[in-house]
**Q** 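Input: one structure, supplied below.
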Amino acid sequence: MIALCDCNNFYVSCERVFNPSLEGKPVVVLSNNDGCIISRSNEVKELGIKMAQPAFYIKDLIKKHNIQLFSSNYTLYGDMSQRVMNILSGFTPLMEIYSIDEAFLDFTGITEINYQKTGDEIITKIKKWTGIPVSIGFAQTKTLAKIASKAAKRNFGVYSIDSPRKHDIALKNTSVADLWGVGGQYASMLAKNKIYSAYDFTLAPDEWIRKNMTVMGLRTKKELLGIPCIRIEDDIKDKKAICTSRAFGKKINSIDFLREAVATYATRCAEKLRKQYSQANILMVFIHTDPFNKNEKQYRKSITISLPFPTNDNQILLKYALMGLEKIFSKGYAYKKAGVIVDSLEPDSSIQGSLFDDSGSSKKKKLMESIDVLNSKFGRDTIRYAILGDGKEWKLRQEKLSGRFTTRWEEILSVSVKV
DNA sequence: TCTGGGGTCCTAGGACCC
DNA sequence: TCTGGGGTCCTAGGACCC
C-alpha cells in the first residue's frame with residue numbers, strides 16, 4: 001500500500017501554529033504581491049471562496065466575515081514542512097516528498113499493518129510535535145492514494161481504499177475532473193465524450209486514451225485499476241529548469257525598468273543554479289502583457305538562447321539575459337510580467353531506425369507488419385512505433401516510454417528490425 | 001486599481017554527428 | 001535505382017501539478 005500524507009490548509013495552519021488565536025476564525029494567505037489567495041482555512045472554504053481567487057474580488061466578503069489576511073512567508077512554511085517530513089520519514093524507509101505539504105509513503109510489502117491505527121498514529125504525532133493537522137489516504141497506487149486522502153479529510157483524517165467494494169465506491173464517487181493528472185482541458189474534452197466519473201474513465205479503451213491524453217492518461221487509467229505505474233521517487237533530484245519571474249503590479253512602460261528586473265532575475269537564477277551545483281545550457285527570457293486585460297491586445301514574447309558553454313556565472317548569464325531582452329523588446333507595449341529561465345534540457349534519448357528494402361509501397365506494408373510483430377511481442381504500453389515517410393522513403397521511429405518501463409528498453413535495443 | 005511563482009513530463013520533427 | 005545505423009541536440013508547444 002501507498003499512503004499520501006497531506007497537510008490540511010498548510011500555509012494557514014502554519015500561521016495558526018504561531019498565532020493560536022486564529023483557530024476557528026476565517027484565515028487566508030495571499031500570494032507575493034498580496035494578489036491572490038493561495039491558502040484558505042475551512043471557514044473560508046465554506047464561504048465559497050476559491051483557490052487562486054484575486055483578493056480584491058472578494059473584499060466585501062473579507063470585510064463582512066472579518067477574514068484574517070496574511071502575506072505569504074515561505075521561509076516559515078519551508079521550515080515547518082521540513083519538520084513534518086522529518087517525522088514522516090520515521091514511519092517508512094521509502095518516502096517521496098511530493099510538494100511542500102505532501103508526501104507519499106511506501107508501505108509495500110508490509111503486511112502486518114493496521115492502516116487506521118498507523119494513520120492515527122502519524123496524525124497524532126505530527127499534530128503534537130509541529131501543530132500541523134494532516135490527512136492520510138492509503139491505497140494501491142499513487143493516483144488512488146490521492147483519492148483516498150481527499151476522502152480522509154471527511155473521515156477524521158484517515159481513509160484507506162483496501163477492499164474491492166471501497167475501490168468501486170471511490171471510482172464511482174470521484175469526478176474525472178478531480179483526478180490527479182486531469183486538468184481543465186482534459187476534463188472538458190472527457191465531458192464531451194460522456195466520461196464524467198473516474199469509473200467511466202476506466203471503461204474507456206486504452207488506445208483512445210493514449211491518442212487523446214498521451215501516455216500520461218493511460219498511466220492514470222492503469223493506476224485507477226490498481227496497477228502501479230508511477231514510481232515513488234525517493235531521491236531528491238536536481239531541478240532541470242530554474243525560473244525566476246514576477247508579475248508587476250502595474251503596467252511597465254520603460255525598458256530600463258525591464259532591464260533591471262531581468263538582470264535581477266538572471267542573477268537569482270545563477271544563485272539557484274550554484275546552490276544545486278548545476279550549470280545552464282539554455283537561457284530563456286520572456287515578457288508578456290496582462291492576460292486579464294481583455295481590452296488590449298495580448299502579447300507574449302520570448303527568446304531562447306543556447307549558451308555556447310554551460311555556466312552558472314552571474315556576469316555571463318546576466319549578459320545573455322539582457323541581450324535576449326533587447327532582442328524581444330518592442331517599443332510601445334506595456335508589459336505585466338517578465339522572467340528568466342535557465343534550463344539544462346536533457347531530452348530523452350530516442351532511437352531512430354531507418355528501414356529500406358527494394359520495393360516502394362510494399363516497404364510501408366512490411367513496416368506495418370513488423371510493427372504488429374513488435375507490438376505483440378513487447379506490448380503497446382512499452383514502446384511506440386511510428387512510421388515517418390514521404391511516399392518514397394519510410395522510416396520506423398521507435399520511442400521508448402520513460403518512467404518505470406525504462407528497463408525494458410534494453411530488450412528493445414537487441415531487436416533488429418530489418419524487413 | 002488590483003489576478004502567483006514556481007515546476008514536471010510528453011509529442012513531434014529538423015539538423016547534425018561519427 | 002540507389003539508400004547506414006544509431007544516435008544527440010535543438011526548437012516549439014501543450015498538458016499537468018502544487
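Side-chain atoms are counted along with the backbone in the values below, which use heavy atoms only and exclude waters and symmetry mates. Note on naming: letters A, B, ... go to the chains in the order of the sequence lines (proteins, then strands), and numbering restarts at 1 for each one.
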**Q** If you count the non-hydrogen atoms of other residues, nucleotides and ligands that lie under 6.0 Å from CH2 in W129(A), is the total more than 12?
**A**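 It does not: W129(A) CH2 has 12 such atoms or fewer within range.
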
**Q** Atom CG of L69(A) and atom P of dC2(B): how far apart are they, to the nearest Å?
**A** 19 Å

**Q** Please measure how far the P atom in dC2(B) lies from the corresponding atom in dC18(C), and state the result in whole Å.
**A** 30 Å

**Q** Which part of the nucleic acid, if any, lies within contact of S72(A), taking any heavy atom under 4.0 Å across all strands shown: a base, the sugar-phosphate backbone alone, or nothing?
**A**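 Counting heavy atoms under 4.0 Å across all strands, no contact is made by S72(A).
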
**Q** Using heavy-atom distances to pick each residue's nearest nucleotide on DNA chain B, tell me which of K59(A) and R246(A) is more 5'.
**A** K59(A)

**Q** K336(A) side chain: which of dG6(B), dT3(B), dA15(C) is closest?
**A** dT3(B)

**Q** What's the closest nucleotide to the side chain of K337(A) if the choices are dG5(B), dT11(B), dG6(B)?
**A**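 Ranking dG5(B), dT11(B), dG6(B) by closest atom to the K337(A) side chain puts dG5(B) first.
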
**Q** If you look at every strand shown and take non-hydrogen atoms under 4.0 Å, does I242(A) touch a base, only sugar-phosphate, or nothing?
**A**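 Sugar-phosphate only.
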
**Q** Starting at CE of M213(A) and ending at C1' of dA15(C), how long is that distance when rounded to a whole Å?
**A** 9 Å

**Q** Is there a side-chain contact between L144(A) and H167(A) in this structure, where contact means two heavy atoms from C-beta onward sitting under 4.5 Å apart?
**A**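 Contact flag for L144(A)/H167(A) side chains = yes.
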
**Q** For Y11(A), report the nucleic acid contact type (base, sugar-phosphate, nothing); a contact means any heavy atom under 4.0 Å.
**A**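 Touches nothing.
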
**Q** Can you confirm whether K250(A) is buried at NZ, in the sense that more than 12 heavy atoms of other residues, nucleotides or ligands lie under 6.0 Å from that atom?
**A** no

**Q** Go through the side-chain N and O atoms of S71(A) and D34(A) and say whether any donor and acceptor fall under 3.5 Å apart.
**A**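 Yes, because at least one side-chain N or O of S71(A) sits under 3.5 Å from a partner of the opposite role on D34(A).
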
**Q** Give one of base, sugar-phosphate or nothing for I305(A), where a contact means two heavy atoms less than 4.0 Å apart.
**A** nothing

**Q** When you measure from the side chain of W180(A), which nucleotide among dC2(B), dC18(C), dG6(B) comes out closest?
**A**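 Among the listed nucleotides, the one closest to the side chain of W180(A) is dC18(C).
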
**Q** Look at atom CD of E260(A) and say whether more than 12 heavy atoms of other residues, nucleotides or ligands are closer to it than 6.0 Å.
**A** no

**Q** Hey, does Q53(A) reach any base, or is it just sugar-phosphate, or nothing, if we go heavy atoms under 4.0 Å?
**A** nothing

**Q** dA15(C) P sits how many Å from K211(A) NZ, rounded?
**A** 15 Å

**Q** Side chain of A247(A) only, heavy atoms from C-beta on: which candidate in dC2(B), dG4(B), dT8(B) is closest?
**A**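 Shortest atom-to-atom distance from the side chain points to dG4(B).
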
**Q** Across the strands shown, which category fits D34(A) at heavy-atom distances under 4.0 angstrom: base, sugar-phosphate, nothing?
**A** nothing

**Q** Searching all strands shown, indicate the nucleotide that pairs with dA12(C) (Watson-Crick or G-U wobble; both distances under 3.5 Å).
**A**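 Because both required distances fall under 3.5 Å, dA12(C) counts as paired with dT11(B).
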
**Q** Should dC18(B) form a Watson-Crick or G-U wobble pair with both distances under 3.5 Å, which nucleotide is its partner?
**A**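 The base-pairing partner of dC18(B), which may sit in any strand shown, is dG5(C).
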
**Q** Rounded to whole Å, please give me the gap between CD1 in I58(A) and P in dT1(B).
**A** 18 Å

**Q** Taking the nucleotide of DNA chain B with the closest heavy atom to each, which residue, S245(A) or F248(A), is nearer the 5' end?
**A**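 Mapping each residue to its closest nucleotide by heavy atoms, the 5'-most match is F248(A).
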
**Q** dC17(C) P sits how many Å from Y98(A) OH, rounded?
**A** 8 Å

**Q** Could you check if a side-chain atom of M51(A) sits within less than 4.5 angstrom of a side-chain atom of R40(A), using non-hydrogen atoms only?
**A** yes

**Q** Compare the minimum distances between each of dG5(B), dT8(B), dG4(B) and the side chain of K240(A), then state the nucleotide with the smallest one.
**A**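 Nucleotide nearest to K240(A)'s side chain: dT8(B).
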
**Q** Tell me the interatomic distance from H288(A), atom NE2, to dT3(B), atom P, rounded to whole angstroms.
**A**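 Rounded to the whole Å, the gap is 12 Å.
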
**Q** Picking from dC18(C), dT11(C), dT3(B), which would you name as closest to the side chain of S99(A)?
**A**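 It is dC18(C).
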
**Q** Within the structure shown, what part of the strands sits under 4.0 Å from Y57(A) by heavy-atom distance: base, sugar-phosphate, or nothing?
**A** base

**Q** Looking only at side-chain atoms of C243(A), point me to the closest of dG6(B), dC17(C), dG4(B).
**A**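 Nearest listed nucleotide: dG6(B).
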
**Q** Quick one: L30(A) CG to dT3(B) P, roughly how many Å, whole number?
**A**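 Going from CG in L30(A) over to P in dT3(B) covers 12 Å.
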
**Q** Between P on dG7(B) and CD1 on I100(A), what's the gap in Å once rounded to a whole number?
**A** 13 Å

**Q** Base, sugar-phosphate, or nothing: which does K146(A) touch, judged by heavy atoms less than 4.0 Å apart?
**A**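 Sugar-phosphate contact only.
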
**Q** Checking the side chain of Q53(A) only, and the main-chain atoms of I37(A) only, is there a donor and an acceptor separated by less than 3.5 Å?
**A** no

**Q** Which part of the nucleic acid does K272(A) contact within heavy-atom distance under 4.0 Å: base, sugar-phosphate only, or nothing?
**A**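 K272(A): backbone/sugar contact only, no base atoms under 4.0 Å.
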
**Q** Looking at every strand, decide which applies to G339(A) at a 4.0 Å heavy-atom threshold: base, sugar-phosphate, or nothing.
**A**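 Nothing: the residue G339(A), judged by heavy atoms under 4.0 Å, touches no strand.
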
**Q** Between dC2(B), dC16(C), dC10(B), which nucleotide has the shortest distance from any of its atoms to the side chain of R219(A)?
**A** dC10(B)

